[in-house]
Amino acid sequence: MKYGIVILSHSPKIAAGVHDLIEQAAPSISITFAGGTEDNEIGSSLEKIQKAFEDNQGDQLLAFYDLGSSKMNLEMYMEMTDLNIHKYDVALVEGAYTAATLAEIESPLASIEQSLAKLKIK
Amino acid sequence: MTITLEQATKWINLFIEKLEQNRSTLNELDTAIGDGDHGTNMDRGAKAIKEALAKKTPADLSELFKTVAFAIIQKVGGASGPLYGTAFLDMSKEAKSESDLAKLIGVGSDGIKRRGQSDVKMKTMIDVWDPTSQALANGQLTKEDVNNYLNSTKDMVATKGRASYLEQKSKGHLDPGSQSSAYLFDALLEAMGA
Ligand SMILES: Nc1ncnc2c1ncn2[C@@H]1O[C@H](COP(=O)(O)OP(=O)(O)OP(=O)(O)O)[C@@H](O)[C@H]1O
Ligand SMILES: [Mg+2]
């Protein structure tokens with residue numbers, strides 16, 4: 001089993017920033033992201049989300065998102081794909097960092113999820 | 001009442017027209033209680049639907065709704081993308097074996113509730129979709145009814161979507177998604193009437 005992490009944000013800079021931040025904690029984990037609309041405005045784009053998941057090298061994909069429609073677009077995509085995606089309703093930065101740290105040391109999914117449960121905010 | 005491919009095509013074309021004409025109205029409504037992009041989002045969707053329909057003429061009702069759904073899902077972006085997209089995708093599945101208008105709109109409305117994890121009285125487009133589907137089931141929907149559903153969102157406090165961050169301050173404004181949905185159903189009545 002190989003973990004991958006996918007970051008979704010309404011802001012291209014937040015998505016890229018969270019990627020940069022957690023990459024340090026997880027240099028061997030595939031981390032991909034989708035931020036903003038097609039024109040890199042604030043918003044979300046299903047095409048970008050799709051690409052972020054398809055480009056990821058992991059086979060258990062841990063997904064983190066920020067506001068409103070990123071969640072809806074993510075759930076919509078999850079209904080359309082066969083990839084193994086786990087969606088977490090947790091604080092984006094702290095959640096992704098926690099998952100990255102634990103994925104890097106190959107913690108089992110159950111214990112990653114136990115740590116994430118404390119960060120649930122939505 | 002059933003809907004034919006011809007009527008539905010007319011419906012979608014009229015909806016596109018209204019979205020293009022009212023882009024700034026929708027943006028203004030969304031500026032008051034959201035992030036000001038609902039008109040831009042829906043206009044992007046309208047252009048994508050137009051392009052998709054020009055590329056390939058749908059063979060039946062189900063295919064028409066699917067084309068609309070995919071264009072919206074891929075291009076709209078904001079919350080209204082997955083919401084309208086899910087409504088039309090679910091309607092497309094239903095239309096494989098069903099052409100009753102009330103049933104189709106009911107399925108669309110349920111799709112929005114599922115996608116948005118929401119229901120009536122939360123100051124969202126559901127406050128237009130849900131009563132519209134019920135009125136259609138009772139065989140009596142007028143433009144005046146649609147307008148009343150839209151206006152009912154004015155005094156609601158939003159509990160879903162961007163506007164919910166404003167809490168009590170969301171009161172006194174129309175919900176932008178309800179306004180675009182009112183355009184959708186005005187377009188429907190025009191297409192069915194003629
Ligand atoms: N959870 C929901 N359920 C049903 N309708 C919703 C929900 N959230 C938002 N809406 C509808 O969507 C409309 C806003 O659409 P818009 O295109 O402006 O997306 P947005 O809120 O800006 O999206 P984003 O979350 O990407 O910023 C609202 O006016 C409301 O009618
Ligand atoms: Mg908006």
Side-chain angles (χ1 to χ4, degrees), chain A residues 6-16 32-55 61 63-83 85-93 95 120-122, chain B residues 27 30-31 33-45 47-48 51-52 66 69-90 92-93 111-118 122-126 158-166 175-177:
Chain A
V6 181
I7 306 297
L8 310 175
S9 171
H10 266 45
S11 152
K13 286 184 190 160
I14 290 178
T32 51
F33 58 94
T37 65
E38 268 175 47
D39 315 318
N40 289 321
E41 305 280 342
I42 302 292
S44 61
S45 146
L46 193 79
E47 284 175 347
K48 277 194 174 178
I49 292 172
Q50 189 167 3
K51 188 166 179 342
F53 281 103
E54 284 169 1
D55 288 351
L61 303 172
F64 300 89
Y65 65 91
D66 58 1
L67 298 170
S69 72
S70 357
K71 180 182 190 184
M72 287 189 241
N73 269 317
L74 172 57
E75 287 172 344
M76 171 125 231
Y77 179 66
M78 287 171 71
E79 283 177 19
M80 290 164 45
T81 179
D82 294 328
L83 295 173
I85 302 175
H86 309 269
K87 166 182 71 83
Y88 299 107
D89 307 324
V90 297
L92 172 65
V93 176
K120 188 163 161 67
I121 53 159
K122 44 203 172 189
Chain B
N27 276 342
D30 197 29
T31 300
I33 53 169
D35 54 355
D37 63 358
H38 188 56
T40 308
N41 288 342
M42 294 306 291
D43 183 56
R44 197 163 346 115
K47 300 223 153 45
E51 223 170 86
K66 191 172 167 181
F70 274 52
I72 290 177
I73 290 165
Q74 277 166 355
K75 295 293 174 191
V76 172
S80 44
L83 291 165
Y84 275 105
T86 302
F88 275 97
L89 201 55
D90 287 2
S92 158
K93 286 177 197 155
I112 296 176
K113 290 180 189 171
R114 171 168 58 91
R115 180 65 62 220
Q117 285 158 354
S118 41
M122 294 177 165
K123 199 182 180 95
T124 71
M125 54 176 79
I126 291 170
T159 52
K160 281 282 175 179
R162 290 253 175 183
S164 65
Y165 290 93
L166 284 169
D175 170 55

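Note on naming: letters A, B, ... go to the chains in the order of the sequence lines (proteins, then strands), and numbering restarts at 1 for each one.
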* To do: Check each atom of A/Glu38 against the heavy atoms of chain B and say whether the ones under 4.5 Å are side chain, backbone, both or neither.
  => side chain

* Asked: Who among A/Glu79, A/Gln50, A/Glu41, A/Lys48 has the most heavy-atom pairs with chain B under 4.5 Å?
  -> A/Glu79

* May I ask you to decide whether A/Lys120 forms a salt bridge with A/Asp89, counting only side-chain N to carboxylate O separations under 4.0 Å? => yes

* Pairs of heavy atoms under 4.5 Å with chain A: top-ranked of B/Ser164, B/Gly85, B/Pro82 -> B/Pro82

* Asked: Is a side-chain donor-acceptor pair under 3.5 Å present for A/Asp55 with A/Thr32?
  -> no

* To do: Please test B/Ile112 against B/Tyr84 for side chain to side chain contact (heavy atoms under 4.5 Å, CB included), starting from the C-alpha separation and ending with a verdict.
  => CA-CA 7 Å; B/Ile112 296 176; B/Tyr84 275 105; 5.6 Å; no

* **Atom NZ of A/Lys13: over 12 foreign heavy atoms under 6.0 Å** => no

* For A/Ile49, is it the side chain, the backbone, both or neither that has a heavy atom under 4.5 Å from a heavy atom of chain B? -> neither

